[in-house]
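I have placed the structure first, in the form of C-alpha cells, so that the comments after it can refer back to it.
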Amino acid sequence: MNRRHFLLMSSAAFASMLTGRRAAAFTRATTENAEPRSMPLLFGADYYPDQTPENLWEQDAAAMAAMGITNVRIAEFAWGLMEPKEGNFDFKWLERAIGVLHAHHISIILGTPSAAPPPWLTEKYPEVLMVNDRGLQLSPGTRRFTCPTNATYRRLSLTIATEMAKAFSATPGVIGWQIDNEFTLGESGRCYCRFCRDGFQQWLRQKYGSLDALNQAWGTVFWSNIYSGFSQIPVPLPSGAPPNPAHALDYDRYQSFANVSFLREQLTMLRKQCPGHFITTNNVGAVDTLNMRDLYRDLDFVAADNYPGFLAIFAGGSGSGASIASQALAPTIAFTHDFMRCTKNGEPFLIMEQQTGKAGQPYFSPQPEPGQLRLWSYQAVAHGAMGINYFRWDTANFGAEQYWHGLLQHDRSPSPGFAEIRDTIRDLKSLGQDALTARCDAALALCYDNDSAWALTIQPGQPKLKYFDEIVSWYGSIASSHAGVDIVNASQGLSHYRVVCAPLMYIVSPEQAESIRAFVKAGGTFIAGFRLGVKDEHSRIVPTPLPGLLRDVMGIQLIDYQPIYSEKQGVQFTGLLAGSAADCHLWADILAPQSAEVLATYTTGAYVGKAAITSHNFGKGKAIYIGCHLEPADLARVLLTLIASVGVSNPIQPPPGVEITTRRTAKQAWTYLLNHTANPQSVDLAAAYVDARDRSPVSGTIHLDPYGVRVLMKT
Ligand code: GLA
Ligand code: ZN
C-alpha cells in the first residue's frame with residue numbers, strides 16, 4: 001500500500017474529535033560494548049550536493065552555517081554517482097562536498113544509497129526488481145523498486161555501503177549514518193517474487209522445524225492444502241479464493257524479517273567499519289509492512305520523517321493552510337511521534353526530515369501558515385525529539401520532487417518559511433541538551449501490535465474495520481487527557497502506567513495475556529476494545545469462549561458478536577458512564593458479565609438490554625471491556641471519563657486544539673503548550689513556572705498566539 005495512504009486512512013477517524021522518568025543520557029542500545037554516547041545538537045538540513053552544481057556548495061555551506069545549521073544528511077540517493085559502473089567507485093566529489101561543509105563546522109550524516117539502485121544495476125540484474133501483490137514486476141526508473149530478499153541486490157547494496165564506510169570512517173565531520181531510506185515505503189510494501197518465495201520457505205523451515213508442525217499450525221487440511229514439501233508453499237498472491245489467514249500472516253512476518261535482515265547486513269558492517277559513528281534509519285511512523293521495533297532494535301536511535309502538510313493533500317478540507325491545523329491532523333502527528341519514540345523504549349529520537357514549505361510530488365500541499373513550521377518543530381520536540389533536520393535545503397528544479405519546497409526556493413532565494421525555521425532552530429538549541437534528551441511523561445499506554453494489525457488487515461471481519469483507524473481514534477481520545485501516551489506492546493513491562501488501552505487486540509499471545517493479568521492484579525486499569533483475544537498467534541480462532549485468554553481478567557464472556565452494516569445499534573450508558581446515548585457502528589460484541597459490572601447496554605436489535613460495556617474489579621485493579629464501536633466523540637467521552645475515574649488527569653486543562661506534553665529529567669521538567677488553532681488561546685496554569693526562553697516567572701492565565709508555543713520550566 002502506498003505509504004502515505006496508510007497514515008491517511010486514519011485522519012477520518014478524527015474528523016469529529018472534540019479535543020480540543022528519569023533523566024536519560026543518550027545511550028547506544030547495541031549488544032556489544034554498550035557505551036553511553038552523548039549526542040551533539042542536531043538541527044540540520046537534508047542536502048543534495050549530488051544534485052547541486054559544485055560552484056554552489058561553498059555559498060550553501062556558508063548560508064547553512066549562518067542560519068545555525070549544525071549538520072546535514074547527504075548522499076542517500078547518490079548510488080549512481082558513487083558507483084557509476086559496477087565495481088568502479090568514485091567518492092572524490094563526496095569528499096570535496098564533505099570538506100566544504102566541514103570547513104563551515106557542519107557535521108555530516110551519510111546515507112547508504114540502497115533505496116535507489118542505478119540503471120546499470122537493473123539492466124544487468126533485472127531479477128532484483130520487486131514483484132507486487134498482484135504478481136506484477138515493478139519497473140525501475142524511480143526508487144524503492146527492489147526485492148529485500150534478492151541476494152544480488154543485497155550483495156551490491158552491501159558493497160557500495162562498505163566502500164562508502166571505508167572511504168569515510170575517519171573523515172573529519174562525518175558523525176553518523178542513515179541506512180537506506182524509508183524501508184518499504186514505496187508503491188508496493190511487500191515483494192512476492194520467486195526469491196521471496198524461496199526465502200519464505202526457508203524461514204518457515206526454521207520457524208516450524210517440520211512440515212507436520214506447519215500443517216498443524218496453519219490447519220492446511222482445510223481445502224486440501226496439506227504440504228508434503230516446503231518447496232510447495234506459495235507466496236500469497238491472488239488465487240481462486242482468499243488465502244489461509246495463517247499463511248498470509250506468516251508472509252507478513254517474513255517480509256518484515258526480510259527487510260530487517262537486509263538492514264542488519266549494512267548495520268553489522270557499519271559497526272565494524274565505523275565504530276565511532278551513530279547509525280539509524282528513517283521512517284514515517286507506523287507502516288503496515290514492518291515490525292518497527294525489530295527494525296530499530298540494534299540501531300542507536302529512531303529517526304522519523306514528519307510531513308504534517310502532506311497529510312492535508314488527502315485529508316480534504318478547504319485547501320488553505322488553516323486546514324492543516326484541523327483537529328484531525330494534530331493528534332495524527334502526535335500519534336506518529338509517540339509511536340516513533342516508543343519504537344525504542346521512549347528514548348529521544350531524531351527528526352530526519354521535517355517539512356519546510358509546500359510539499360508534494362504530483363500535488364502541492366498548502367503553504368503552511370506563519371507559525372505552523374515552528375509549531376510542528378516544537379510538537380516533535382514536545383513528543384521526544386532530540387533534534388530536527390529540515391527537508392530539504394534547496395528545492396529541486398528537476399526530478400520527481402520539484403514540488404517539494406525546501407529552505408531555498410527554485411531560484412535559491414530564501415523560502416517563505418526560511419526566517420521562521422532559522423529562529424526556531426535558534427530557540428530550540430537554547431533549550432539545551434537536557435531538555436532535548438529528557439524523557440516524556442506518560443501515565444497512559446496504548447497497545448499496538450503488528451500481529452493484530454496484520455491479521456485484521458487479512459480478515460477485517462467488517463470491510464470498514466481498520467486496525468490503524470481504531471488505534472488513532474483511541475489515541476486521539478486518550479491523548480486529549482494530556483496525561484501523556486506511550487505506544488507499547490502488551491508483553492512489555494506495564495507497571496509504570498496507570499491505564500493501559502488495547503483497541504482491537506485481536507491476537508493475544510500467552511505472554512501478552514500474562515503481562516496484562518499481572519498489570520491489573522497489581523492495581524492497573526486495563527481498557528480493551530471489541531474483538532479482544534479472538535485469535536492465537538497462528539491466526540486460529542481460540543477454541544474457548546471469548547475473550548479467550550483474558551476471560552478471567554475481564555470478568556465476562558461473549559454471548560455473540562455482530563458486524564454492523566447499514567443498520568446501527570443504540571447504546572445507553574449507566575453508572576460511571578451515565579450520559580447521552582450513542583450509536584454503535586461497524587461492530588458490536590455482546591457481553592455476558594460473569595463478575596463484571598455493566599456500564600452500557602444495547603438499546604436496539606436482537607440483543608436489547610445486553611451489556612455493551614463492562615467493568616471488572618480484578619486483583620487490585622480494573623478491567624474494562626468496550627464491546628461497541630463508537631464514533632470518535634462518544635469514544636472520547638467514554639475513555640476520558642474512565643481515565644479520570646482512576647484519578648489520571650493533567651492539572652492544566654487547556655481549551656480544544658491546545659496540546660500539552662511534559663518532558664522530564666530527575667532535576668527538571670519542561671511543559672510544552674502547543675496551540676494548533678489559527679486563533680489566540682488562553683490557558684489557566686495550575687502552578688507557577690519559569691518561561692524556558694527568558695526565564696521570566698509565569699503563573700495564572702497565559703496567552704498563546706495563533707499556532708503559538710510556550711515552553712514552561714519547573715524544578
Ligand atoms: C520522504 C523521503 C525523502 C523525500 C521526502 C519528500 O520522507 O525520505 O527522500 O522523498 O519524503 O517526498
Ligand atoms: Zn522478492
Side-chain angles (χ1 to χ4, degrees), residues 2-4 7 45-48 50-51 73-78 109 111-116 125-133 135-138 142-154 178-203 234-237 251 254-259 261-262 280-285 287 289 303-311 313 336 340 350-365 389-396 399-406:
N2 181 306
R3 43 111 172 230
R4 306 291 186 190
L7 262 178
D46 302 296
Y47 184 46
Y48 294 91
D50 44 325
Q51 301 167 20
R73 181 209 54 190
I74 56 174
E76 81 279 9
F77 296 117
I109 302 172
T112 70
S114 36
Y125 306 105
E127 69 275 18
V128 305
L129 293 171
M130 176 177 268
V131 170
N132 75 9
D133 61 0
L136 298 173
Q137 192 174 61
L138 299 190
T142 61
R143 67 176 177 189
R144 281 255 78 90
F145 45 66
T146 40
C147 162
T149 307
N150 183 275
T152 306
Y153 170 54
R154 283 184 170 224
Q178 169 189 300
I179 296 175
D180 204 279
N181 191 81
E182 292 189 341
F183 268 85
T184 81
L185 292 179
E187 288 304 311
S188 175
R190 298 187 176 92
C191 182
Y192 296 80
C193 76
R194 63 185 203 275
F195 303 99
C196 283
R197 186 194 59 209
D198 294 350
F200 180 44
Q201 290 167 354
Q202 244 178 55
W203 182 84
V235 296
L237 276 170
Y251 198 67
Y254 168 71
Q255 280 292 305
S256 180
F257 160 83
N259 280 289
S261 68
F262 176 91
T280 185
T281 187
N282 58 331
N283 265 296
V284 291
V287 286
T289 42
D305 298 342
N306 186 33
Y307 294 107
F310 191 88
L311 300 179
I313 300 176
T336 301
M340 293 306 272
L350 179 67
I351 297 288
M352 194 61 100
E353 300 176 12
Q354 168 94 12
Q355 183 168 353
T356 55
K358 289 185 281 294
Q361 285 158 349
Y363 314 108
F364 291 106
S365 81
N389 293 302
Y390 291 90
F391 187 91
R392 42 185 271 170
W393 171 248
D394 60 354
T395 306
E401 294 190 339
Q402 300 167 26
Y403 287 3
W404 211 284
H405 276 260

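Indexing begins at 1, ligand by ligand and atom by atom, following the structure's order.
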- Plane angle bin for F364 and Y403 - parallel if under 30°, tilted between 30 and 60°, otherwise perpendicular: parallel
- Message: Could you check whether any side-chain N or O of R194 sits under 3.5 Å from a backbone N or O of E127, counting only pairs where one atom can act as donor and the other as acceptor?
- Response: no
- Going by the 4.0 angstrom heavy-atom rule, the piece of Q361 near ligand 1 is side chain
- Numbered atoms of ligand 1 (with element) below 4.0 Å of W404, judged on heavy atoms: 6 (C), 12 (O)
- Query: Closer than 2.8 Å to the Zn ion (ligand 2), which protein N, O or S atoms?
  - Reply: C147 SG, C191 SG, C193 SG, C196 SG
- Message: Is there a polar contact between ligand 1 and R73, counting only N or O atoms under 3.5 Å apart?
- Response: no
- Check for a donor-acceptor pair, side chain of Y153 on one end and backbone N or O of S114 on the other, with a separation under 3.5 Å. yes
- Backbone of R73 reached by a side-chain donor or acceptor of D46 within 3.5 Å: no
- Is E76 in polar range of ligand 1, meaning some N or O pair under 3.5 Å apart? no
- Item | Distance filter under 4.0 Å to E182 heavy atoms, resulting ligand 1 atoms | 1 (C), 2 (C), 7 (O), 8 (O)
- Minimum non-hydrogen distance to atom 10 (O) of ligand 1, winning option of R144, Q354, E401, Q178: E401
- Verdict with supporting geometry, L350 and N389, side-chain contact (heavy atoms from CB on, under 4.5 Å): CA-CA 8 Å; L350 179 67; N389 293 302; 3.8 Å; yes
- Quickly, which of R392, K358, R143 forms a salt bridge (Lys or Arg N to Asp or Glu O under 4.0 Å) with E401? Name it, please. R143
- Item | Those atoms of ligand 1 less than 4.0 Å from some heavy atom in N181 | 2 (C), 8 (O), 9 (O)
- Query: Can you list the steps and then say if F262 with F183 is a side-chain contact (heavy atoms from CB on, under 4.5 Å)?
  - Reply: CA-CA 10 Å; F262 176 91; F183 268 85; 3.6 Å; yes
- Query: Between Y251 and F200, does the ring centre distance come in under 6.0 Å?
  - Reply: yes
- ligand 1 contact by R143, heavy-atom criterion under 4.0 angstrom: yes
- Test D180 against R144 for salt bridge (charged side-chain N to carboxylate O under 4.0 Å, His left out), laying out the working first. CA-CA 10 Å; D180 204 279; R144 281 255 78 90; 2.7 Å; yes
- Would you say Q402 has more than 12 foreign heavy atoms packed within less than 6.0 Å of its CD? yes
- Task: Please identify which atoms of ligand 1 are closer than 4.0 Å to at least one heavy atom of F77.
- Result: 9 (O)
